[in-house]
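What you are looking at is a predicted structure, and each value in this text was computed from that prediction instead of being measured.
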Amino acid sequence: MHSPVAVLPLDQGDDNLIEGDWPDQVVVAVNRPELHAFTIERPKAQALIFAGGGYVKLMLDTEGSDIAAWLNGLGYDAHVLVHRLPGTGSPPNPKDIALNDALRAIEALKANDLPLILVGLSSGGHLAGVVACQAGTDAQAVVIAYAPLNANHQDYKAPAGKPDFPPVEKQAFYNDWPIGIAAEPHGVPSCPVFLAYALHDAAVPVEHALNIVRTARELNLDLDAHIFGQAPHGFSLRDTNGSHASWPDLAADWLSRKLSVPVSRHQPE
């Protein structure tokens, strides 16, 4: 079982509502932002992990604690952010609530004095991309998998004509932060970027990746992109029935090169 060493509340509030048991826990209501710390002895760097869930829930294990255990095996401390969700609660949370919680988490992690990696999957990848664009974040690298980075924006939708996402605060956050669009320079990450996408992903069309690839070519960004032919949406670490099973090793090697630290091939049990 992947259990955090500590849970750090980032604000006051009621307990969060979690459904299911490990290894399939899902946070269905976030009342209080928290950092779930998965720490090891003598870490080489630290990672802030953003789980997906479409900004309406958080996949706490499949895209959170699983990723933390993998990163621990590579020699990194890992911290899973349980952030509040735009448009939920009463009164509804503002559109940028997840970003505010992420920035608060980064301030807490700065005390550790370790290089910072951002890792996000699905909608968590969008949030990781947004955080990578913030001044003062000082992230060394960002790893993003099957994330709706830009083509949920009202001006760049794929497929064209796709309806807005409810609640309105969620769509507004996508509109504020199209990540990797050259015409929207506030949303272009300054740190190296690693992408893992599925070519036939119906939930997150590959245009999200292609848009940032084009921008990387135009602006000479440091970006590695991997698009796997038969991967399903949400492949994370558990779905190994295809070439996408190689993405963790590719990402591990890439992180090692960007951080200039040795890479371990240990896989968590």
Would you say V80 ends up clustered with I117 if hydrophobic residues are merged whenever their side chains have heavy atoms under 4.5 Å apart, either directly or through other cluster members? yes
Establish, from distance only, whether the side-chain atoms of N211 and N150 form a donor-acceptor pair under 3.5 Å. yes
Any salt bridge linking K258 with D222? Criterion: basic side-chain nitrogen under 4.0 Å from a carboxylate oxygen. yes
Below 4.5 Å, heavy atoms only, C-beta onward: do L250 and F194 meet side chain to side chain? yes
Output yes when E107 and K110 qualify as a salt bridge under the 4.0 Å nitrogen-oxygen rule, no when they do not. yes
Of I144, V204, V193, I181, the one forming a side chain to side chain contact (heavy atoms under 4.5 Å, CB included) with L149 is I144
Would a 4.5 Å heavy-atom cut-off, applied to side chains only, mark H36 and S65 as touching? no
Looking at N175, is its backbone amide N or carbonyl O close enough to the side chain of Q154 to form a donor-acceptor pair, meaning the two atoms are under 3.5 Å apart? no
May I ask you to decide if the ring planes of H244 and F228 are parallel, tilted or perpendicular, using 30° and 60° as cut-offs? perpendicular
Straight-line distance of N220 CG to T215 OG1, nearest 0.5 Å: 12.5 Å
Could you tabulate the donor-acceptor pairs under 3.5 Å formed by side-chain atoms of residues 19-29, not counting sequence neighbours?
{"from": "D24", "atom 1": "OD1", "to": "R238", "atom 2": "NH1", "distance (Å)": "2.9"}
{"from": "Q25", "atom 1": "NE2", "to": "D61", "atom 2": "OD1", "distance (Å)": "3.3"}
{"from": "Q25", "atom 1": "NE2", "to": "D61", "atom 2": "OD2", "distance (Å)": "3.1"}

Do P43 and L114 come close enough that some side-chain heavy atom pair is under 4.5 Å? yes
Is V142 reachable from L223 through a run of hydrophobic residues whose side-chain heavy atoms are each under 4.5 Å from the next? yes
W70, V5: one ILVMFWY side-chain cluster at the under-4.5 Å cut-off? no
CG on L81 to CZ on F50, rounded to 0.5 Å: 6.0 Å
Is it the case that atom CD in Q230 sees more than 12 heavy atoms from other parts of the structure closer than 6.0 Å? no
Look at the side chain of Y197 and the backbone N and O of H208, then say whether any donor-acceptor pair between them is shorter than 3.5 Å. no
Look at the side chain of Q134 and the backbone N and O of V130, then say whether any donor-acceptor pair between them is shorter than 3.5 Å. yes
In terms of heavy-atom contacts, V119 and A128 come closest through C-CB, 4.3 Å
Specify the closest pair of heavy atoms between C133 and G187, including all atoms of both residues, with the distance to one decimal. SG-C, 3.4 Å
How far apart are the closest heavy atoms of A158 and P205, and which atoms are they? O-CG, 3.4 Å
Do I18 and L60 come close enough that some side-chain heavy atom pair is under 4.5 Å? yes
Check the pair F38 / L71 against side-chain contact (heavy atoms from CB on, under 4.5 Å), numbers first and verdict last. CA-CA 9 Å; F38 297 76; L71 290 165; over 6 Å; no
Does any donor atom in the side chain of N93 or T88 lie under 3.5 Å from an acceptor atom in the other side chain? yes
Quick check on the hydrophobic clustering: are L103 and L118 connected, directly or via other members, by side-chain heavy-atom contacts under 4.5 Å? yes
Go through the structure and list residues passing salt bridge (charged side-chain N to carboxylate O under 4.0 Å, His left out) with D101, not counting sequence neighbours. R84
CG of L221 to CD1 of I212, rounded to nearest 0.5 Å, is 7.0 Å
With a 4.5 Å limit on heavy-atom distance, are the side chains of N16 and R32 in contact? yes
Applying the 4.5 Å side-chain criterion to the ILVMFWY set and letting contacts propagate, would V56 and L127 be lumped into a single cluster? no
Verdict with reasoning, C191 to Q140, per side-chain contact (heavy atoms from CB on, under 4.5 Å): CA-CA 6 Å; C191 65; Q140 301 296 302; over 6 Å; no
Distance check, rounded to the nearest 0.5 Å: L121 atom CG versus I67 atom CD1? 5.0 Å
Electrostatic pair K95:D176 at N-O distance under 4.0 angstrom: yes
Does T137 use its side chain to pair, donor to acceptor, with the backbone of V131 at less than 3.5 Å? yes
My understanding is that only residues two or more places apart in sequence, or in another chain, count here; which of them pass side-chain contact (heavy atoms from CB on, under 4.5 Å) with P166? none
Taking atom types as modelled, is there a side-chain donor on K162 or N152 under 3.5 Å from an acceptor on the other? yes
Which atom pair, heavy atoms only, marks the closest approach of D66 to L237? O-CD1, 3.4 Å
The complete set of ring-ring contact (aromatic ring centres under 6.0 Å, His included) pairs with one or both residues in residues 103-125, sequence neighbours excluded, reads none
How far does NZ of K44 sit from OH of Y76, to the nearest 0.5 angstrom? 5.5 Å
Within the distance-only criterion (no hydrogens, no angle test), does the side chain of N31 pair as donor or acceptor with the backbone N or O of G13 below 3.5 angstrom? no
Can you check whether H200 reaches V206 side chain to side chain, under 4.5 Å on heavy atoms? no
Return each pair, listed once, that meets ring-ring contact (aromatic ring centres under 6.0 Å, His included) where at least one residue sits in residues 95-117; pairs must be two or more places apart or across chains. none
Taking ring-ring contact (aromatic ring centres under 6.0 Å, His included) as the cut-off, I'd like each qualifying pair that reaches into residues 116-159, sequence neighbours left out, listed once. Y55-H126, H126-F173, H126-Y174, Y146-H233, Y146-F235, H153-Y156
Please test D164 against K157 for side-chain contact (heavy atoms from CB on, under 4.5 Å), starting from the C-alpha separation and ending with a verdict. CA-CA 9 Å; D164 286 352; K157 285 189 177 180; 2.4 Å; yes
Evaluate the side-chain contact (heavy atoms from CB on, under 4.5 Å) criterion for residues E34 and L10: first the C-alpha distance (whole Å), next the side-chain angles of each, then the deciding distance (0.1 Å), finally the verdict. CA-CA 5 Å; E34 298 174 339; L10 298 173; 5.9 Å; no
Side-chain contact, heavy-atom cut-off 4.5 Å: P86 with D96? no
Minimum heavy-atom distance between G52 and S123, given as atom pair plus value: CA-OG, 3.5 Å
With a 4.5 Å cut-off on side-chain heavy atoms, are P33 and V82 touching? no
Candidates D77, N112, T39 - the one meeting side-chain hydrogen bond (donor to acceptor under 3.5 Å, both in side chains) with Q46: N112
Minimum heavy-atom distance L48-A102, with the two atoms named: CD2-O, 4.2 Å
Which distance, rounded to the nearest 0.5 Å, do you find between the CG of L109 and the CG of L35? 5.5 Å
